[in-house]
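Both counts, for ligands and for their atoms, begin at 1 and track the order of listing.
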Amino acid sequence: MDPTISNSRRGFFTGALLHREGRTQLKESIKPIGPSPPGLSQIADAHICSSCDAYCVQACDQSVIKRHPDNHDLHGIPYLDFSENGCTFCSQCSTHCPEVEEIELESNHDLGKVVISSSCYLKNSIICMSCIKSCPKSLIHLNHYRQLDINIKNCDGCGSCVSSCPAQALSVSA
Ligand code: SF4
Ligand code: SF4
Ligand code: SF4
């Protein structure tokens, strides 16, 4: 066989495989890890955070602001991590951001909605009510079927319930 053809076929298949894996990696690397801190999504979209000293991170007394890592397309841009606390919408992050005077600040008190996964103990016939008292707006209840009933309409995605769940069943989706 003509070695040129063989090499080009191999290159084609390798390229196709890399392409598929590459597509998955690309999808992960451009997807935000979590929602933007309230009021800062326009700034984050402008990709101007990577050269900042992260004043928002320092200002957050709940320690829920993290920065996308260096190997992520959004590196340096802040996102909310609810693994230990929720956001109280105190506005300290936007108040301490040096860019707020240059970019019109949105008043965002809606980070998304809570989502329950199938790992919720109640869905697996295990009694648990850990998240019920964690919601500052008292939106989480048990229904007659011993399943969670969440008033999603009024959920602002604060993430306060996320860390209360021993089954890691709760997350916030934009
Ligand atoms: S609004 Fe307050 S609690 Fe929420 S991310 Fe900003 S500084 Fe942290
Ligand atoms: S249900 Fe919504 S408003 Fe209540 S704690 Fe969870 S994320 Fe926050
Ligand atoms: S804390 Fe988690 S496992 Fe327990 S009821 Fe709430 S969502 Fe389900």
Check your understanding: Counting each atom of ligand 1 from 1 as listed, which ones have a heavy atom of L80 under 4.0 Å away?
Key -> 5 (S)

**Study point:** side chain to side chain contact (heavy atoms under 4.5 Å, CB included) between D156 and H109, worked out
**Key:** CA-CA 7 Å; D156 54 21; H109 277 214; 5.7 Å; no

Review point. If you count the atoms of ligand 1 from 1 in the order shown, which ones are under 4.0 Å from a heavy atom of Q62?
Key: 3 (S)

Review point. Any idea which atoms of ligand 1 are less than 4.0 Å away from a heavy-atom of I65?
Key: 5 (S)

Check your understanding: Heavy atom of S138 under 4.0 Å from ligand 2?
Key -> no

**Study point:** Option of least heavy-atom distance to atom 7 (S) of ligand 2 (set: G159, S134, S171)
**Key:** G159

Exercise for review: Could you list which atoms of ligand 1 come closer than 4.0 Å to a heavy atom of S91?
Suggested key: 1 (S), 2 (Fe)

Check your understanding: Which of the numbered atoms in ligand 1 are below 4.0 angstrom from a heavy atom of V64?
Key -> 5 (S), 8 (Fe)

Exercise for review: Flag the pair F82 / V114 as yes when at least one side-chain heavy-atom distance between them is below 4.5 Å, and no otherwise.
Suggested key: no

Practice item. Evaluate the side-chain proximity of P38 to F89: yes if any heavy-atom separation is below 4.5 Å, no if none is. Key: yes

**Study point:** atom 4 (Fe) of ligand 2 to nearest N/O/S of C135 less than 2.8 Å
**Key:** yes

Review point. Can you check side chain to side chain contact (heavy atoms under 4.5 Å, CB included) on L148 and N143, steps first, answer last?
Key: CA-CA 6 Å; L148 288 184; N143 65 22; over 6 Å; no

Practice item. Step by step, work out the side chain to side chain contact (heavy atoms under 4.5 Å, CB included) result for D81 and I33. Key: CA-CA 8 Å; D81 174 353; I33 298 175; over 6 Å; no

Review point. Within the side chain of N85, is there an N or O that forms a donor-acceptor pair under 3.5 Å with the backbone of Q62?
Key: yes

Exercise for review: Only heavy atoms count here, so choose which of S164, S160, C158 is nearest to atom 8 (Fe) of ligand 2.
Suggested key: C158

Check your understanding: Going by the atom numbers of ligand 2, which of them fall below 4.0 Å from some non-hydrogen atom of P136?
Key -> 5 (S)

Review point. Taking C-beta and beyond as the side chain, do S171 and S117 meet within less than 4.5 Å on heavy atoms?
Key: no

Review point. Between C90 and ligand 1, which part of the residue brings a heavy atom under 4.0 Å of the ligand: side chain, backbone, both or neither?
Key: both

Exercise for review: Would you mind reporting whether I116 and L170 have side-chain heavy atoms less than 4.5 Å apart?
Suggested key: yes

Exercise for review: Number the atoms of ligand 3 from 1 as they appear, then name those within less than 4.0 Å of a heavy atom of P166, with their elements.
Suggested key: 1 (S)

Review point. Is ligand 1 under 4.0 Å from a heavy atom in the side chain of S94, in the backbone, in both, or in neither?
Key: neither

**Study point:** Distance from atom 6 (Fe) of ligand 1 to nearest protein heavy atom, with residue and atom
**Key:** C93 SG, 2.3 Å

Point to revise | Nearest protein heavy atom with distance in Å, relative to atom 4 (Fe) of ligand 1 | key: C87 SG, 2.4 Å

Exercise for review: With 2.8 Å as the limit, jot down which protein N, O or S atoms are around atom 8 (Fe) of ligand 3.
Suggested key: C120 SG

